[in-house]
Amino acid sequence: YDVTNRRGELKFILLTLAEHSGDCMLRFVLRSHEAIARIRKHLPGLLALLPGLRVVSVNVQPEHKAVLEGAEEVVLTAERQIEMRINGLPLHLAPRSFFQTNSCVAAALYAQTRDWTDSIDPSNIWDLYCGVGGFALHVANGVRRVVGIESSAEAIASARRSRDEIGIAGVRFEVGDATAFVGDSNPSPDLVIVNPPRRGIGPELSRWLETSSVQHLIYSSCNGDSLARDLAMMPSWVPRKARLLDMFPHTRHYEVLVLLDRVRPRAS
């Protein structure tokens with residue numbers, strides 16, 4: 001795809017590797033449906049050349065703007081997910097489900113969250129923007145009540161599959177908007193985990209956290225600017241621990257994990 005002249009079909013090729021198994025997922029991001037028939041024609045040969053290739057799909061992104069993928073996904077293989085094994089836990093990834101970019105660093109991110117959670121030992125946890133359930137499944141221990149909220153139905157289906165395979169009790173995954181969920185739910189949990197997109201959790205959710213009865217917060221952020229804006233709206237909270245993770249090697253981007261405690265009475 002020629003950005004300047006707005007011509008061509010192939011915009012991106014996205015390849016995901018499950019390091020523990022060698023299985024791969026390949027996604028073609030195209031401008032239109034025009035090339036799908038040709039990809040289908042050559043798919044048997046591609047699968048024969050790459051035995052580890054399990055999922056092949058086409059994402060259609062017709063808009064000329066800085067958006068990586070569109071809303072339509074056409075899966076061309078019988079298999080629709082690959083298994084990513086992180087810290088021994090099976091996490092299932094479908095084409096349009098968010099997953100951490102770097103599996104090795106993701107393992108450290110989840111392990112750190114688990115360790116901080118164990119030090120708090122909460123009874124009730126909300127994992128907002130839970131994706132395929134990585135944080136929720138790491139902090140669940142069969143006794144804690146954990147609720148994961150994610151807007152992607154595909155990701156929630158994957159999270160439920162992982163939960164059922166592990167056989168862990170007390171974990172519930174639901175499709176929904178994080179801000180709407182907290183506004184409708186009562187009582188508040190002991191710990192909230194958030195892993196929002198680059199824009200952060202925003203003013204409404206920040207205000208809810210400031211006025212809620214929640215005592216502990218773990219915030220995983222890939223954007224220090226939005227993290228700072230969100231925390232500025234929560235003066236009752238103070239960071240206790242932080243860890244910087246090189247999730248995106250050879251770039252200026254990073255992941256930062258922050259453990260916060262409420263140290264002042266919540267705002268009225």
S.K.: Holding to side-chain hydrogen bond (donor to acceptor under 3.5 Å, both in side chains), I want the full list of residues that pass it with N124, two or more places apart in sequence or in another chain.
M.R.: R145
S.K.: Are the side chain of E150 and the backbone N or O of S152 linked by a donor-acceptor pair below 3.5 Å?
M.R.: yes
S.K.: Run the side-chain contact (heavy atoms from CB on, under 4.5 Å) test on I193 and V139 for me, step by step, so that the C-alpha distance in whole Å, both residues' side-chain angles and the decisive distance to 0.1 Å come before the verdict.
M.R.: CA-CA 10 Å; I193 300 170; V139 301; 4.0 Å; yes
S.K.: D230 side chain to S206 main-chain N or O, any donor-acceptor pair under 3.5 Å?
M.R.: no
S.K.: Using a strict 4.0 Å threshold on nitrogen-to-oxygen distance, state whether D118 and R144 make a salt bridge.
M.R.: yes
S.K.: What distance do R160 atom CZ and E174 atom CD have between them, rounded to the nearest 0.5 Å?
M.R.: 5.0 Å
S.K.: Looking only at heavy atoms, which two atoms of S158 and H92 are closest? And how far apart?
M.R.: CB-O, 3.1 Å
S.K.: Can we say E73 and R27 salt-bridge, meaning some charged N sits less than 4.0 Å from an Asp/Glu carboxylate O?
M.R.: yes
S.K.: Would you say E210's side chain and S236's backbone share a donor-acceptor pair under 3.5 angstrom?
M.R.: yes
S.K.: Identify whether the distance between the nearest side-chain nitrogen and carboxylate oxygen of R198 and D225 falls below 4.0 Å.
M.R.: no
S.K.: Starting at CE of M84, measure out to OG of S21 and round the result to the nearest 0.5 Å.
M.R.: 8.0 Å
S.K.: Under 3.5 Å, is there a donor-acceptor pair between the side chain of S220 and the main chain of L257?
M.R.: no
S.K.: Picking from N87, T113, D115, what satisfies side-chain hydrogen bond (donor to acceptor under 3.5 Å, both in side chains) with H138?
M.R.: N87
S.K.: Out of curiosity, I36 CD1 to L43 CG, how far, rounded to the nearest 0.5 Å?
M.R.: 12.5 Å
S.K.: Does CZ in R199 sit with more than 12 non-hydrogen atoms of other residues, nucleotides or ligands closer than 6.0 Å?
M.R.: no
S.K.: Could you check whether any side-chain heavy atom of I39 comes within less than 4.5 Å of a side-chain heavy atom of V58, counting everything from C-beta outward?
M.R.: yes
S.K.: When you compare the side chain of K241 with that of Q112, does any pair of heavy atoms fall below 4.5 Å?
M.R.: no
S.K.: Counting only N and O atoms by type, is there a donor-acceptor contact under 3.5 Å from the side chain of Y254 to the main-chain atoms of N223?
M.R.: no
S.K.: Report the C-alpha distance between I13 and F28 in whole Å, list the side-chain angles of each, state the deciding distance to 0.1 Å, and finish with yes or no for side-chain contact (heavy atoms from CB on, under 4.5 Å).
M.R.: CA-CA 5 Å; I13 292 177; F28 297 92; 4.2 Å; yes
S.K.: Is there side-chain contact between H253 and M247, with at least one heavy-atom pair below 4.5 Å?
M.R.: no
S.K.: Return yes if some donor-acceptor pair links the side-chain N/O of D190 with the main-chain N/O of P122 below 3.5 Å, else return no.
M.R.: no
S.K.: Which pair of non-hydrogen atoms, one from F98 and one from V132, has the smallest distance, and what is that distance?
M.R.: O-CG1, 4.0 Å
S.K.: Nearest 0.5 Å please: distance from the CG atom of L47 over to the OG1 atom of T77.
M.R.: 7.5 Å
S.K.: Are N102 and F248 side-chain neighbours, meaning at least one heavy-atom pair lies under 4.5 Å?
M.R.: no
S.K.: Quick one: do I125 and V192 satisfy side-chain contact (heavy atoms from CB on, under 4.5 Å)? Show the steps, please.
M.R.: CA-CA 6 Å; I125 303 170; V192 171; over 6 Å; no
S.K.: Does R54 have any side chain to side chain contact (heavy atoms under 4.5 Å, CB included) partners at least two apart in sequence or in another chain, and if so, which?
M.R.: D23, E79, I82
S.K.: Which heavy atom of V147 sits nearest to which heavy atom of F181, and what is that distance?
M.R.: CG1-CZ, 3.9 Å
S.K.: Would a distance-only check, ignoring hydrogens and angles, find a side-chain to backbone donor-acceptor pair under 3.5 Å from N141 to V143?
M.R.: yes
S.K.: Using the side-chain contact (heavy atoms from CB on, under 4.5 Å) definition, which of the options R6, E9, R7, Q61 pairs with Y1?
M.R.: R6
S.K.: Could you measure the distance from the CZ atom of R40 to the CG atom of L46? Nearest 0.5 Å is fine.
M.R.: 14.0 Å
S.K.: Is the side chain of R262 donor-acceptor paired with the backbone N or O of L209 at a distance under 3.5 Å, no angle test?
M.R.: yes
S.K.: When you look at V258 and I218, which way does the side-chain contact (heavy atoms from CB on, under 4.5 Å) test go after all the steps?
M.R.: CA-CA 6 Å; V258 185; I218 296 178; over 6 Å; no
S.K.: Write down the atom of C24, the atom of L17, and the distance for their closest heavy-atom approach.
M.R.: SG-CD1, 3.7 Å
S.K.: Would you name the heavy atoms of L227 and S221 that are closest together and state the gap between them?
M.R.: CB-OG, 3.6 Å
S.K.: Are the side chains of V214 and W126 in touch, meaning some heavy atoms are under 4.5 Å apart?
M.R.: no
S.K.: Go through F135 and Y110 one step at a time and tell me if the ring pair (Phe, Tyr, Trp, His ring centres under 6.0 Å) criterion holds.
M.R.: CA-CA 6 Å; F135 285 103; Y110 293 141; 4.9 Å; yes
S.K.: Do W116 and L244 land in one hydrophobic cluster if side-chain heavy atoms of ILVMFWY residues count as linked below 4.5 Å?
M.R.: no
S.K.: Output every pair passing salt bridge (charged side-chain N to carboxylate O under 4.0 Å, His left out) with a member in residues 244-256, not counting sequence neighbours, ordered by first then second residue.
M.R.: none
S.K.: I'd like to know if R163 and E165 make a salt bridge, using a cut-off of under 4.0 Å between side-chain N and carboxylate O.
M.R.: no
S.K.: Could you state the interatomic distance from CG (L93) to CE (M25), rounded to the nearest 0.5 Å?
M.R.: 4.0 Å
S.K.: If you draw a 6.0 Å radius around CZ in R80, do more than 12 non-hydrogen atoms from other residues or ligands fall strictly inside?
M.R.: no
S.K.: For N59 and E69, indicate whether the former's side chain and the latter's backbone hold a donor-acceptor pair under 3.5 Å.
M.R.: no
S.K.: So which atom in P90 and which in S162 form the shortest heavy-atom distance, rounded to 0.1 Å?
M.R.: O-OG, 2.8 Å
